[in-house]
Visitor: 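Can you keep this structure in mind? I'll have questions shortly.
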Amino acid sequence: NLNHYSKNGSKLYMLETPYSVFNQADQSYLLNKTNVKVFENEDIKYNVNSNSAKLLNNKFLELTGNVEINDFNNTIIKSNSLLWNIDKSEFILEGNVSLVNNNINLSSSRALLDKKGDIILFYNPVKYNYKDEDNIRKYNISSKNAYYNISTKSIIFKSTNDKVKSKIIF
């Protein structure tokens with residue numbers, strides 16, 4: 001178990017793993033089957049799991065393999081990898097990024113999660129499906145970028161050159 005605190009003494013995250021190796025040469029930890037609890041105001045904001053991780057100089061955390069972020073609000077974000085500069089509030093997610101909750105399924109190849117603003121920017125290409133209460137797809141949208149607000153569960157689609165393409169099923 002490893003706890004990491006900010007300069008003002010508040011807990012930033014807690015990392016748990018059954019196996020770790022410390023490399024003195026580059027001051028890094030290699031970790032297997034990691035669980036990272038990210039804190040905000042002494043409360044767990046996100047629970048993140050992955051197959052493996054590398055912690056470099058207690059400043060950069062890279063999670064790889066079946067990365068899964070749970071926000072405890074029925075939203076799960078998955079990707080192949082997550083990169084976090086611990087001094088910043090942003091997570092970079094790459095490779096088969098998907099967000100799933102009770103009503104939507106949003107997918108992209110890359111995303112940026114700002115944990116302070118609870119906003120996720122999904123990068124080109126973005127695919128979005130909305131499901132009704134009977135789990136039937138009603139909307140199918142593709143866009144260059146999409147912004148998802150975790151708190152309000154709202155989505156904004158943006159495309160600078162192309163139009164946002166929508167398919168509505170009645």
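Here the structure is a predicted model, which means the values were calculated and not measured. One-based numbering along the sequence shown.
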Visitor: Sort and list the pairs that fulfil side chain to side chain donor-acceptor pair (under 3.5 Å) and have at least one residue in residues 3-13, not counting sequence neighbours.
Guide: Ser6-Asn8, Ser6-Ser10, Asn8-Ser10
Visitor: For residues 101-120, which residue pairs pass the ring-ring contact (aromatic ring centres under 6.0 Å, His included) check, not counting sequence neighbours?
Guide: none
Visitor: Write out all pairs satisfying ring-ring contact (aromatic ring centres under 6.0 Å, His included) with one or both partners inside residues 30-63, taking only residues at least two apart or from two chains.
Guide: none
Visitor: Taking Leu30 as the starting point, is it possible to reach Leu63 by hopping between hydrophobic residues whose side chains are less than 4.5 Å apart?
Guide: no
Visitor: Mind checking what makes salt bridge (charged side-chain N to carboxylate O under 4.0 Å, His left out) contact with Lys45, not counting sequence neighbours?
Guide: Glu40, Asp118
Visitor: Can a side-chain donor-acceptor contact be found between Asn66 and Asn49 if the only test is distance below 3.5 angstrom?
Guide: no
Visitor: In Å and rounded to the nearest 0.5 Å, what is the OG to NZ distance from Ser50 to Lys33?
Guide: 11.5 Å
Visitor: Looking only at heavy atoms, which two atoms of Glu16 and Met14 are closest? And how far apart?
Guide: OE2-CE, 3.8 Å
Visitor: Which residues satisfy the side-chain hydrogen bond (donor to acceptor under 3.5 Å, both in side chains) test with Thr64, sequence neighbours excluded?
Guide: Ser52
Visitor: Residues two or more places apart in sequence or in another chain: which of them pass side-chain hydrogen bond (donor to acceptor under 3.5 Å, both in side chains) with Asn101?
Guide: Tyr148
Visitor: Hydrophobic cluster membership, with links at side-chain heavy-atom distances under 4.5 Å among I/L/V/M/F/W/Y: are Ile86 and Leu56 in one?
Guide: no
Visitor: Going by salt bridge (charged side-chain N to carboxylate O under 4.0 Å, His left out), name the residues that satisfy it together with Asp26, two or more places apart in sequence or in a different chain.
Guide: Lys54
Visitor: Could you give all pairs that pass the salt bridge (Lys or Arg N to Asp or Glu O under 4.0 Å) test and reach residues 97-107, with sequence neighbours left out?
Guide: none
Visitor: With a 4.5 Å cut-off on side-chain heavy-atom distances among I, L, V, M, F, W and Y, is there a chain of contacts connecting Leu2 to Val38?
Guide: yes
Visitor: Would you give the length of the straight line joining atom CG of Asn70 to atom NZ of Lys78, rounded to the nearest 0.5 angstrom?
Guide: 10.5 Å
Visitor: Would you say Lys153 has more than 12 foreign heavy atoms packed within less than 6.0 Å of its NZ?
Guide: yes
Visitor: Mind checking what makes ring-ring contact (aromatic ring centres under 6.0 Å, His included) contact with Tyr19, not counting sequence neighbours?
Guide: none
Visitor: Nearest 0.5 Å please: distance from the CD1 atom of Ile69 over to the CD1 atom of Ile77.
Guide: 5.0 Å
Visitor: Could you give me the CA-CA distance, side-chain angles and deciding distance for Ile150 and Ile120, then say whether side chain to side chain contact (heavy atoms under 4.5 Å, CB included) is met?
Guide: CA-CA 8 Å; Ile150 295 173; Ile120 305 172; 3.8 Å; yes
Visitor: Between the side chain of Asn23 and the main-chain N/O of Ala25, is any donor-acceptor distance below 3.5 Å?
Guide: yes
Visitor: With the side chain counted from C-beta on, respond yes when Trp84 and Glu62 share a heavy-atom pair under 4.5 Å apart, and no when they do not.
Guide: no
Visitor: Check side-chain contact (heavy atoms from CB on, under 4.5 Å) between Thr17 and all other residues, then give those that pass, not counting sequence neighbours.
Guide: Leu15, Ser20, Leu31, Thr34
Visitor: Mind listing the side-chain donor-acceptor pairs of residues 87-98 below 3.5 Å, one per line with the distance, residues two or more places apart or on another chain?
Guide:
unit_1: Ser89; atom_1: OG; unit_2: Asp114; atom_2: OD1; d: 2.9
unit_1: Glu94; atom_1: OE2; unit_2: Arg110; atom_2: NE; d: 2.9

Visitor: List for me each residue that meets side-chain hydrogen bond (donor to acceptor under 3.5 Å, both in side chains) alongside Asp71, sequence neighbours excluded, and say none if there are none.
Guide: none
Visitor: Could you go through the side chain to side chain contact (heavy atoms under 4.5 Å, CB included) check for Tyr123 and Asn145 one step at a time?
Guide: CA-CA 5 Å; Tyr123 292 97; Asn145 295 321; 4.0 Å; yes
